[in-house]
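Step one of this worksheet: look at the structure below.
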Amino acid sequence: MDETIQKKGEFTLKKTWSTLAAIALTATLLLSGCSKGGNGDAGGNASSSPAASGASSTSASSSAPVTIKVFADEDSANNQDLATNEFTKELESKFNIKFDWTTVPFDGAPEKRQISLASGDYPDVFLLVAYIDHFSQSDLLRYGQQGVIIPLNDLIDQYAPNIKKTLDENPDYKAMNTAPDGKIYGLNGLSACYHCSFPNKMWVNTTWMKKLGIDTPKTTEDFKKMLEAFKTQDPNGNGKADEVPLSGSTETFGVHVIPYLMNAFIYDDDHTYLYMNDGKVDLAANKPEWREGLRYIKSLYDEGLIDPGAFTQNADAFKKLGENKDAQILGAGAAMHPAIFLDIADGNRYSKDYDSIPPLVGPNNVQYATFSYTGNAGASFVITNKASKEEQIAMIKALDYIYTFQGQLEANAGIKDVDWREPKPGEKALDETLQPRWATIPQPAGTQPRNDAWGPLGQYNLSDEFRNSQVQSTDIYKEDGYERRLFEATKNNYDGKQPKQVFPYWGVWIDSASADQAGMLQTNITNYIDQSALQFITGNKSLDKDWDAYVKGFDGLDLKNYLDIMQKAYDSSAFGKQ
């Protein structure tokens with residue numbers, strides 16, 4: 001999957017234009033949902049050999065290997081050594097290349113990449129883990145125009161049929177990777193994480209609901225009554241008023257409590273706070289509906305139904321609530337997936353008690369689910385002007401192999417019958433409309449991670465077919481059925497409830513002349529919204545006396561200019577031209 005705080009969830013969400021939320025993910029990615037995973041070959045059954053993968057291969061020959069200098073993020077904390085890695089050896093053998101690695105640990109990786117570029121002594125290729133570091137769109141435009149990184153269009157057209165196919169078949173992904181001048185200066189990974197596309201879910205203690213005779217809440221008032229019952233009716237049965245009705249945390253993987261609640265009043269994308277109004281880019285957070293949403297959330301806060309820590313604590317503290325030692329105390333948690341605040345390993349105490357509920361219906365019959373395309377704007381792979389033509393071709397061919405089904409399997413999962421296996425009779429794929437094509441082989445607890453795969457460094461084509469053909473248990477409360485639990489929660493409760501049109505921040509490029517200004521404006525505006533929302537909810541500002549001044553405050557932040565920039569970016573994008 002992709003996180004331990006995306007522990008089995010996946011890449012995700014961002015707070016400034018050039019800084020993605022993925023960098024907030026602090027744990028090791030897991031195979032079971034969004035991290036490592038994959039299987040099969042490009043067109044048939046899975047195999048331990050890369051042959052028949054459909055990649056534009058360059059067979060190893062008697063000629064000397066092509067040496068490629070690569071700067072890479074290395075997960076050394078989990079025993080990764082790229083120089084001796086089994087998948088590294090596979091690529092070197094298959095494409096007659098030799099990687100000359102400069103590796104950096106995850107901690108401090110962005111700064112070390114920037115130092116490398118600034119020194120002028122940079123490599124032929126940068127290969128990064130997107131949620132640790134990446135080239136922003138502004139970086140790509142700047143370094144591309146300077147000639148430091150080269151456009152990949154011709155290389156892809158001539159030597160990378162699998163990359164080209166992936167771009168052509170996924171319009172949002174192609175838009176993310178194509179600059180306004182039509183050039184592809186770098187590539188990020190395609191990650192068709194279905195459940196991650198709907199990050200702002202609500203997970204409720206349904207065991208408590210059954211005990212108290214509460215039906216699944218449909219409206220904002222239903223939800224409030226449920227939280228009141230959690231607070232006052234001692235659902236954990238210990239005779240203490242220690243229940244925490246609702247909590248969350250401050251990171252960017254669906255754990256904010258406001259968006260789920262606000263979406264019953266007006267659409268909250270939990271990122272830009274922009275929405276589409278008949279093709280026009282507009283701001284949600286200065287509308288009367290936003291004010292009413294804040295009024296409702298404040299009413300919950302005033303009654304002690306929202307944990308004050310939800311606005312200040314990190315995910316570790318959130319998990320301490322979910323896994324409280326003495327008694328179960330958490331009634332509901334805002335999260336992309338419950339592993340953020342619960343232990344989901346087999347033998348856990350509380351995981352089976354929590355299920356997702358649909359978005360709430362507000363007083364004006366509004367009901368939205370936050371939608372986000374699951375990918376990182378910018379690039380984790382670039383080729384620089386230091387690479388010779390021979391090195392460029394060899395590297396793009398190697399990457400093209402990673403875009404095949406078999407290549408993804410080897411890059412992310414590792415070795416057949418060691419790290420993954422073929423399905424057994426009767427096993428079912430995550431998406432039961434697909435034939436199962438692969439299953440992970442769990443590593444024994446307490447053993448050191450194997451150095452077989454590239455893991456998140458090789459996540460470039462986690463397509464629907466790839467992810468959803470993984471074998472998953474039909475018991476959604478078992479650890480090996482966890483991804484099915486998320487899949488079904490998304491399908492049954494959230495998919496289809498997003499607005500017909502959302503602002504596609506993931507695929508909209510800002511003109512280089514306006515990029516720095518847009519980034520500054522976005523940071524200032526979103527910070528103002530976040531800080532003001534907290535002040536209104538906690539009572540430090542009055543929704544009656546201070547609202548007009550709050551709305552007026554956007555003038556001083558140059559909101560009009562910001563919306564103009566975003567409108568132009570949208571109109572010139574593939575989305576605006578549809």
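When a residue number appears, it is its place in the shown sequence, counting from 1. Excluded from the calculations below are hydrogen atoms, water molecules and symmetry mates; all remaining heavy atoms, backbone and side chain alike, are included.
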Contact between [X] and [Y] at the side-chain level, heavy atoms closer than 4.5 Å - yes or no?
X	Y	answer
K201	H337	no
P217	K225	no
I297	I306	yes
L330	S247	yes
L274	Y267	no
D222	I214	no
F318	N314	no
L521	N561	yes

When you measure from the side chain of [X] to the backbone of [Y], do you find a donor-acceptor pair of N or O atoms at a distance under 3.5 Å?
X	Y	answer
W203	A335	yes
K568	I510	no
S532	I529	no
S197	C193	yes
N527	N524	no
Y482	A339	yes
T250	Q313	yes
D133	L128	no
K320	D316	no
T490	C196	no

Short N-O contact, [X] and [Y], less than 4.0 angstrom:
X	Y	result
E303	K231	no
R485	D355	no
K560	D564	yes
K210	D215	no
K224	E221	no

Contact summary for [X] and [Y], nearest pair of heavy atoms:
X	Y	result
D270	H256	OD1-ND1, 2.8 Å
A569	S572	O-OG, 3.1 Å
L283	N286	O-OD1, 3.1 Å
M176	N188	CE-ND2, 3.3 Å
F265	P363	CE2-CD, 3.5 Å
S573	G507	CB-O, 4.5 Å

[X] and [Y]: side chain donor to acceptor below 3.5 Å:
X	Y	answer
D269	T272	yes
N263	T370	yes
D242	N236	yes
Q328	D353	yes

Can you measure from [atom1] ([X]) to [atom2] ([Y]) and round to the nearest 0.5 angstrom?
X	Y	atom1	atom2	result
T178	L140	OG1	CG	11.0 Å
Q137	Y185	CD	OH	13.0 Å
F536	L543	CZ	CG	5.5 Å
S356	N493	OG	CG	4.0 Å
H195	D495	NE2	CG	13.5 Å
Y194	E483	OH	CD	12.0 Å

Problem set entry | Within 6.0 angstrom of K298 NZ, more than 12 heavy atoms from elsewhere |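 More than 12 within 6.0 Å, yes.
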
Exercise. More than 12 non-hydrogen atoms from neighbouring residues, nucleotides or ligands closer than 6.0 Å to CG on D555, yes or no?
Worked result: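 Yes, CG of D555 has more than 12 neighbouring heavy atoms, counting only those of other groups under 6.0 Å.
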
Exercise. Among Q114, H134, R113, which one satisfies side-chain contact (heavy atoms from CB on, under 4.5 Å) with D139?
Worked result: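 By the side-chain contact (heavy atoms from CB on, under 4.5 Å) criterion, D139 pairs with just one of Q114, H134, R113: R113.
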
Problem set entry | Residue of the set T312, L321, L246 for which side-chain contact (heavy atoms from CB on, under 4.5 Å) holds with D307 |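 Going through the options one by one, the only one that passes is L321.
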
Do [Y] and [X] have ring centroids that are under 6.0 Å from one another?
X	Y	result
F371	F198	yes
Y570	F575	no
H271	Y505	yes
Y562	F554	no
F135	F381	no
F230	W208	yes
F341	Y354	yes

For this session: Could you give me the CA-CA distance, side-chain angles and deciding distance for I258 and F311, then say whether side chain to side chain contact (heavy atoms under 4.5 Å, CB included) is met?
Result: CA-CA 9 Å; I258 292 176; F311 302 108; 4.1 Å; yes

For this session: For S380 and Y460, run side-chain hydrogen bond (donor to acceptor under 3.5 Å, both in side chains): C-alpha distance rounded to whole Å, both residues' side-chain angles, the deciding distance at 0.1 Å, then the answer.
Result: CA-CA 9 Å; S380 53; Y460 280 92; 3.0 Å; yes

For this session: Would you check, one step at a time, whether the test salt bridge (Lys or Arg N to Asp or Glu O under 4.0 Å) holds for D544 with R295?
Result: CA-CA 10 Å; D544 296 316; R295 198 181 299 280; 3.4 Å; yes

For this session: Could you check whether the rings of Y273 and W290 sit parallel, tilted or perpendicular, using 30° and 60° as the cut-offs?
Result: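 Y273 and W290: perpendicular rings.
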
Exercise. Checking side chain to side chain contact (heavy atoms under 4.5 Å, CB included) for the pair T538/N540: CA distance, chi angles, key distance, verdict?
Worked result: CA-CA 6 Å; T538 59; N540 291 324; 3.3 Å; yes

For this session: Give the intermediate values and the outcome of side chain to side chain contact (heavy atoms under 4.5 Å, CB included) for residues I357 and Y260.
Result: CA-CA 11 Å; I357 60 172; Y260 175 84; 3.3 Å; yes

For this session: For side chain to side chain contact (heavy atoms under 4.5 Å, CB included), just list the numbers for T206 and M209, CA-CA rounded to whole Å, side-chain angles, deciding distance to a tenth of an Å, and then say yes or no.
Result: CA-CA 5 Å; T206 50; M209 289 174 59; 4.0 Å; yes

